[in-house]
Every structure is written in structure tokens, then in C-alpha cells.
Amino acid sequence: MPPEKMWEEFFDPPAVLAKLGLTSNCRDVVEFGCGYGTFTIPAAQIIQGTIHALDIDPQMIEETNSNVRSSKASNVNLMLRDFVTDGTGRPDASIDFVMLFNILHAVEREAMLGEAWRILASNGILAVMHWNFDSNTPRGPSMDIRPRPSDCKSWVENSGFQMIGTDLIDLPPFHYGFVFEKSC
């Protein structure tokens with residue numbers, strides 16, 4: 001991860017969350033890989049329920065915890081967890097919204113998508129965001145593992161999700177996204 005101040009320059013979290021369908025009607029959310037809490041805290045301020053923010057890196061959990069305390073958000077459940085190996089720890093069909101942001105380049109994408117499917121309630125939303133497939137972006141995974149939008153769309157749809165809408169969502173300055181639904 002780059003320094004937090006640099007990281008924050010890459011996103012407008014409330015705008016991203018709005019474009020990806022997070023609303024105040026949403027109850028519980030799971031965030032796979034919370035990092036600094038860049039999206040954790042804005043999501044906590046939008047939803048009615050709890051955001052379960054997971055990360056495998058103890059330092060990221062510490063950073064997010066510090067940011068959560070500063071924000072005074074009381075609906076954040078931080079978990080130091082290898083969600084690929086151990087899952088999220090959430091019950092089946094118990095979550096309304098899952099965030100997979102800047103993470104689908106990982107080799108374990110099928111495990112993450114399977115876990116997202118398991119925990120999402122019927123008609124639950126899966127929001128996907130990734131770095132543009134452009135070598136001029138200031139960060140992001142190397143181009144040899146960075147997914148094209150068509151890759152992300154295909155992986156998610158092959159996991160059983162249905163895309164909401166027909167186009168990818170532009171998330172300037174450096175990202176794109178999709179919104180999917182778990183239709184049973």
C-alpha cells in the first residue's frame with residue numbers, strides 16, 4: 001500500500017459508493033480488504049447496519065481502527081482475517097452488500113467470489129471496482145496481472161452473479177466498476 005495520504009487522492013469514496021449502489025436502505029456490508037478504511041468509514045456513515053471490514057494485514061487493521069475511532073463510527077466490525085483461506089466468518093445469506101475493490105487481480109478470485117456468493121442474501125449486491133487497464137495509472141497491480149473490465153465482468157458472471165445495467169461504471173480518475181446482483 002502507498003502512504004495513506006497518497007492513497008486517498010485516488011478516490012472520492014462517497015461518490016464511488018453511490019455509483020456502485022450503496023444506499024441508506026442497506027443493512028450489513030462486507031468489505032474484502034479494507035486497507036486504511038478509505039471506503040469503510042464512508043460506508044459506515046451511509047448504511048443502517050454494520051460494515052464488516054476484513055484485512056489480512058495487521059497494520060491495515062490498526063490503521064483502519066485508528067481512523068474509525070477518529071470518525072466516531074460505531075457500526076464497524078474490523079476483523080484481522082485471511083478471508084481467502086478462512087472465509088469471512090459471516091453466516092450464509094446474511095449480507096446485503098459486498099465490496100470487492102481493487103482485489104480481483106488476486107489468484108484466489110474464485111474463492112473470494114464464492115465467499116461473496118455464500119454470504120450475500122438473495123438480491124444482495126456485489127460491487128466491484130478495479131484500476132483502469134492503463135499503464136499510466138499512478139498505482140495498481142502490474143499490467144501482466146491487472147484485469148481488463150471484460151475479465152472482471154466474466155469472472156463475476158461465471159460465479160453466478162447477474163450484472164445490473166449494461167455498462168461499466170467510470171470511477172474517475174483511475175478506476176472502473178460494475179454492480180452485480182445475487183439472483184436466486
Side-chain angles (χ1 to χ4, degrees), residues 13 16-35 37-44 46-58 60-61 64-65 68 73 75-131 141 145-165 168-169 171 175-184:
V16 167
L17 292 170
K19 285 184 174 185
L20 294 178
L22 187 65
T23 69
S24 61
N25 292 331
C26 186
R27 292 226 20 99
D28 294 330
V29 173
V30 168
E31 180 180 20
F32 285 65
C34 63
T38 306
F39 292 93
T40 309
I41 296 162
I46 294 170
I47 66 171
Q48 299 175 28
T50 299
I51 179 163
H52 305 277
L54 295 75
D55 210 293
I56 194 170
D57 185 340
M60 291 295 95
I61 293 294
T64 300
N65 192 36
V68 167
N75 59 337
V76 176
N77 176 28
L78 288 172
M79 292 184 280
L80 177 63
R81 193 168 181 95
D82 181 346
F83 47 79
V84 170
T85 302
D86 301 326
T88 59
R90 308 310 318 150
D92 291 355
S94 64
I95 301 297
D96 298 321
F97 194 95
V98 168
M99 300 187 307
L100 289 176
F101 292 177
N102 296 321
I103 201 166
L104 282 182
H105 61 278
V107 174
E108 305 88 356
R109 76 179 69 75
E110 288 178 8
M112 287 186 280
L113 289 166
E115 181 66 359
W117 179 270
R118 185 189 70 75
I119 64 174
L120 273 170
S122 182
N123 301 316
I125 300 297
L126 172 65
V128 172
M129 177 179 73
H130 219 294
W131 291 93
I145 64 168
R146 188 180 306 197
R148 296 175 188 276
S150 59
D151 295 329
C152 285
K153 181 178 181 284
S154 176
W155 295 330
V156 177
E157 287 179 336
N158 288 339
S159 295
F161 293 94
Q162 293 182 347
M163 192 164 103
I164 297 174
L168 71 92
I169 300 164
L171 302 170
H175 292 83
Y176 64 87
F178 294 102
V179 178
F180 299 89
E181 182 177 47
K182 178 182 175 180
S183 299
C184 297

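Residue numbers start at 1 and run along the sequence shown.
Taking CD1 of Ile46 as the reference point, atom CD1 of Ile41 lies at 12.5 Å (rounded to 0.5 Å). Interatomic distance, OG of Ser183 versus CD of Gln162, reported as 4.0 Å (0.5 Å rounding). Between Trp155 atom CH2 and Leu100 atom CG the span is 12.0 Å, to the nearest 0.5 Å. For the atom pair CG (Leu80) and CE (Met60), the distance works out to 12.0 Å, reported to the nearest 0.5 Å. Atom CG of Asp82 and atom CD of Glu108 lie 8.0 Å apart (nearest 0.5 Å). The CG atom of Asp28 sits 11.0 Å away from atom CG of Leu120, with the distance rounded to the nearest 0.5 Å.
Proximity of Val128 to Lys153: side-chain heavy atoms (C-beta onward) are nowhere separated by under 4.5 Å. In this structure, Glu110 and Ser159 have side chains that are not in contact, with every pair of non-hydrogen atoms separated by 4.5 Å or more. Considering only heavy atoms from C-beta on, Leu54 comes within 4.5 Å of Thr88 through its side chain. Under the 4.5 Å side-chain criterion, counting only non-hydrogen atoms from C-beta, Leu20 is in contact with Phe101. Taking 4.5 Å as the limit, some side-chain heavy atom of His52 sits within range of a side-chain heavy atom of Met79. Looking only at side-chain heavy atoms (C-beta outward), Phe178 and Met129 stay at 4.5 Å or farther from each other. Using a 4.5 Å heavy-atom threshold, the side chains of Val98 and Val29 count as separate. Side-chain contact between Tyr176 and Ile169 is absent, with no heavy-atom pair separated by less than 4.5 Å.
Checking side-chain atoms of Asn75 against main-chain N and O of Ala44 turns up a donor-acceptor pair under 3.5 Å. Under a 3.5 Å cut-off, the side chain of Arg27 and the backbone N or O of Ile95 do not form any donor-acceptor pair. In this structure, Arg109 contributes its side chain and Leu104 its backbone to a donor-acceptor pair below 3.5 Å. One N or O on the side chain of Thr64 and one on the backbone of Gly35 form a donor-acceptor pair closer than 3.5 Å. The backbone N or O of Gly124 sits nowhere less than 3.5 Å from a side-chain atom of Lys182 that would complete a donor-acceptor pair. Between the side chain of Asn158 and the backbone N or O of Ser154, at least one donor-acceptor pair lies under 3.5 Å. Distance alone, capped at 3.5 Å, places no donor-acceptor pair between the Arg90 side chain and the Ile119 backbone.
The shortest non-hydrogen separation linking Ser24 to Gln48 is O-NE2, 2.7 Å. The minimum heavy-atom distance between Leu78 and Cys34, with the atom names listed, is CD2-SG, 4.3 Å. Annotation for Arg146 and Pro141: closest pair NH2-O, 2.9 Å, computed over non-hydrogen atoms. Smallest separation of non-hydrogen atoms from Ala106 and Met112: CB-CE, 3.8 Å. Smallest separation of non-hydrogen atoms from Ala127 and Phe97: CB-CZ, 3.6 Å. The two atoms that bring Leu171 and Gly177 nearest to each other are CD1-N, 3.7 Å, heavy atoms only.
With sequence neighbours left out, Trp117 forms a ring-ring contact (aromatic ring centres under 6.0 Å, His included) with Phe161.
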Stepwise side chain to side chain contact (heavy atoms under 4.5 Å, CB included) check, Leu126 with Leu113: CA-CA 9 Å; Leu126 172 65; Leu113 289 166; 3.9 Å; yes

Derivation of the side chain to side chain contact (heavy atoms under 4.5 Å, CB included) call for Phe32 and Glu115: CA-CA 10 Å; Phe32 285 65; Glu115 181 66 359; 4.0 Å; yes

Derivation and outcome, side chain to side chain contact (heavy atoms under 4.5 Å, CB included), residues Thr50 and Val76: CA-CA 6 Å; Thr50 299; Val76 176; over 6 Å; no

Check against side chain to side chain contact (heavy atoms under 4.5 Å, CB included), Lys19 and Leu17: CA-CA 6 Å; Lys19 285 184 174 185; Leu17 292 170; over 6 Å; no

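Remark: Glu157 CD is packed, more than 12 non-hydrogen atoms of other residues, nucleotides or ligands lying under 6.0 Å away.
Listed by first and then second residue, the side-chain hydrogen bond (donor to acceptor under 3.5 Å, both in side chains) pairs involving residues 91-100 are Asp92-Arg118 (not counting sequence neighbours).
A side-chain N or O of His175 and one of Asn102 form a donor-acceptor pair less than 3.5 Å apart.
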